[in-house]
Novice: 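Next up is a structure, given as structure tokens.
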Amino acid sequence: RYDVMNDLMSLGIHRLWKRIAVELAGVRRGQRVLDLAAGTGDLSDRFAGLVGSEGQVVMTDINQAMLVRGRDRMIDRGHLGNLDYAQVDAEALPFPDNSFDCITIAFGLRNVTHKNNALHAMYQALKPGGRVLVLEFSKPTSQALSRLYDLYSFSVLPQLGRLVAGDADSYRYLAESIRMHPDQETLKGMMENAGFERCDVHNLTGGVVAVHRGFKF
């Protein structure tokens with residue numbers, strides 16, 4: 001029910017958020033991309049088409065069941081030659097330094113216990129000239145939207161999870177984890193402290209979601 005719930009709880013807008021993140025990544029043919037917390041592979045799917053047969057996408061998740069589901073989905077879509085899979089903890093990446101042209105993590109960083117460790121690990125694994133993109137729920141830019149968002153998150157989401165996925169607790173946790181996640185400027189500062197340069201923030205849907213981007217030089 002994971003993909004169904006993503007569509008329902010975002011009214012399908014998560015597809016647009018991910019499309020914008022992919023565009024900001026600027027991935028080109030022949031490049032190597034690391035997709036952390038890839039889930040069922042929405043970003044990996046797009047990147048595999050962009051890098052072509054000369055490139056490589058490594059699709060990862062810390063959850064084995066999710067990774068298996070994502071791998072099966074990618075195979076069904078015909079991705080065979082340029083997609084690899086690995087069960088990976090974002091805080092301790094098992095890749096050599098300077099391995100990837102682009103690293104992405106979409107709706108996964110807020111679930112990482114030690115976010116600074118993960119950002120440092122991403123910086124080490126990134127090639128000079130590469131970039132990291134963090135797509136994550138963030139802080140709405142207006143008080144009115146923030147109040148409406150809180151009402152939706154804590155009242156509607158758990159009930160939607162109960163009815164559709166039979167799991168209200170996971171979606172109650174989702175709302176709580178969003179509130180605990182650093183806001184736009186705090187996360188930007190964390191990325192800069194990890195070594196990333198020219199960091200920028202792209203607010204989407206009034207700051208409900210933001211794309212943070214940083215470069216390694």
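A quick note: this is a predicted structure, and the numbers were derived from the prediction, not measured.
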Novice: Which value, rounded to the nearest 0.5 Å, describes the distance between Met191 atom CE and Asp200 atom CG?
Specialist: 8.0 Å
Novice: Looking at residues at least two apart in the chain, or sitting in another chain, which of them share a side chain to side chain donor-acceptor pair (under 3.5 Å) with Gln184?
Specialist: Ser138, Asn203
Novice: Any heavy-atom pair between the side chains of Leu109 and Lys115 that's under 4.5 Å?
Specialist: yes
Novice: Mind checking the NE2-CZ spacing from His202 to Arg213? Nearest 0.5 Å is all I need.
Specialist: 4.0 Å
Novice: Kindly indicate whether the side chain of Val27, heavy atoms from C-beta on, has any atom under 4.5 Å from the side chain of Val22.
Specialist: no
Novice: Look at the side chain of Asn82 and the backbone N and O of Gly55, then say whether any donor-acceptor pair between them is shorter than 3.5 Å.
Specialist: no
Novice: Restricting to non-hydrogen atoms, name the atom on Ala210 and the atom on Val201 that form the minimum distance, rounded to 0.1 Å.
Specialist: CB-CG1, 4.2 Å
Novice: Find the distance between CD1 (Ile20) and CG (Leu133) and round it off to the nearest 0.5 Å.
Specialist: 12.0 Å
Novice: Enumerate the salt bridge (Lys or Arg N to Asp or Glu O under 4.0 Å) contacts for residues 173-199, please, sequence neighbours excluded, ordered by first and then second residue.
Specialist: Asp150-Arg179
Novice: Give the minimum heavy-atom separation between Ala25 and Cys102, together with the two atoms involved.
Specialist: CB-SG, 3.9 Å
Novice: List the residues meeting salt bridge (Lys or Arg N to Asp or Glu O under 4.0 Å) with Asp42, not counting sequence neighbours, and say none if there are none.
Specialist: Lys18, Arg73
Novice: Met5 and Phe137: same hydrophobic cluster, using ILVMFWY side-chain contacts below 4.5 Å?
Specialist: yes
Novice: Hey, does Val211 have a side-chain heavy atom less than 4.5 Å from the side chain of Leu204?
Specialist: yes
Novice: Taking a hydrophobic cluster as the set of Ile, Leu, Val, Met, Phe, Trp and Tyr residues connected by side-chain heavy atoms closer than 4.5 Å, whether directly or through intermediates, do Met122 and Leu187 fall within one such cluster?
Specialist: yes
Novice: Are any non-hydrogen side-chain atoms of Leu34 and Leu93 less than 4.5 angstrom apart?
Specialist: yes
Novice: Just how far is it from atom SG of Cys199 to atom CE of Met190, taken to the nearest 0.5 Å?
Specialist: 12.0 Å
Novice: How about Lys139: does its NZ atom have over 12 heavy atoms from other parts shown lying under 6.0 Å from it?
Specialist: no
Novice: Is Leu145 linked to Trp17 within one hydrophobic cluster, defined over Ile, Leu, Val, Met, Phe, Trp and Tyr using a side-chain heavy-atom separation of less than 4.5 Å?
Specialist: yes
Novice: Any side-chain to backbone donor/acceptor pair from Glu136 onto Arg110? Under 3.5 Å, distance only.
Specialist: yes
Novice: Do you know the tightest heavy-atom contact between Ala37 and Ile105?
Specialist: CB-CG1, 4.0 Å
Novice: Roughly how far apart are Asn111 CG and Leu174 CG, rounded to 0.5 Å?
Specialist: 8.0 Å
Novice: Would you call Glu91 and Val112 a side-chain contact if the rule is heavy atoms closer than 4.5 Å?
Specialist: yes
Novice: Carefully, step by step, assess Ile178 and His181 under the rule side-chain contact (heavy atoms from CB on, under 4.5 Å).
Specialist: CA-CA 5 Å; Ile178 291 170; His181 187 68; 5.7 Å; no
Novice: Which residues, ordered by chain and number, are linked to Leu148 in its hydrophobic cluster, where ILVMFWY side chains connect at heavy-atom gaps below 4.5 Å, directly or through other members?
Specialist: none
Novice: I need the minimum non-hydrogen distance between Ala175 and Ser153, along with the two atoms involved.
Specialist: CB-O, 3.5 Å
Novice: Membership question, hydrophobic clusters at under 4.5 Å side-chain separation (ILVMFWY): are Tyr85 and Ile62 in the same one?
Specialist: no
Novice: Taking the side chain as every heavy atom from C-beta outward, state whether Met74 and Thr40 have any atom pair closer than 4.5 Å.
Specialist: no
Novice: Given Met9 and Val164, is the side-chain contact (heavy atoms from CB on, under 4.5 Å) satisfied, shown in steps?
Specialist: CA-CA 11 Å; Met9 68 184 182; Val164 177; over 6 Å; no
Novice: Yes or no on side-chain contact (heavy atoms from CB on, under 4.5 Å) for Ile75 and Leu80, after CA distance, side-chain angles and deciding distance?
Specialist: CA-CA 6 Å; Ile75 291 172; Leu80 298 174; 4.2 Å; yes
Novice: Of all heavy-atom pairs between Leu135 and Ala21, which one has the smallest distance, and what is that distance?
Specialist: CD2-CB, 4.2 Å
Novice: Please tell me if the side chains of Arg29 and Glu54 come closer than 4.5 Å, counting only heavy atoms from C-beta onward.
Specialist: yes
Novice: Which of these passes salt bridge (charged side-chain N to carboxylate O under 4.0 Å, His left out) with Asp101: Lys127, Arg28, Lys216?
Specialist: Lys127
Novice: List in chain and number order the residues that pass ring pair (Phe, Tyr, Trp, His ring centres under 6.0 Å) with Phe196, two or more places apart in sequence or in another chain; answer none if no residue qualifies.
Specialist: Tyr123
Novice: Taking all non-hydrogen atoms of both residues, which atom of Pro158 and which atom of Tyr171 are closest, and how far apart?
Specialist: CA-CB, 4.2 Å
Novice: Scan residues 156-169 for pairs that pass side-chain hydrogen bond (donor to acceptor under 3.5 Å, both in side chains), counting only residues two or more places apart or in two chains.
Specialist: Gln159-Arg162, Asp167-Ser170, Asp169-Arg172
Novice: CG/Leu126 to CZ/Phe217 distance, rounded to the nearest 0.5 angstrom?
Specialist: 10.0 Å
Novice: Show, in sequence, the C-alpha distance, side-chain angles and deciding distance for Tyr149 and Val208, and conclude whether the side-chain contact (heavy atoms from CB on, under 4.5 Å) test is met.
Specialist: CA-CA 8 Å; Tyr149 187 40; Val208 168; 3.8 Å; yes
Novice: Find out whether Phe107 and Leu43 are in side-chain contact, i.e. whether some heavy atom of one side chain is under 4.5 Å from a heavy atom of the other.
Specialist: no
Novice: Check whether NZ of the Lys or CZ of the Arg Arg32 lies under 6.0 Å from the centre of the six-membered ring of Phe100 and within 45 degrees of that ring's axis.
Specialist: yes
Novice: Please say yes or no: joined through hydrophobic side-chain contacts below 4.5 Å, possibly via intermediate residues, are Ile103 and Val88 part of one cluster?
Specialist: yes
Novice: Among side-chain atoms of Asp35 and Thr104, is any donor-acceptor pair under 3.5 angstrom?
Specialist: yes
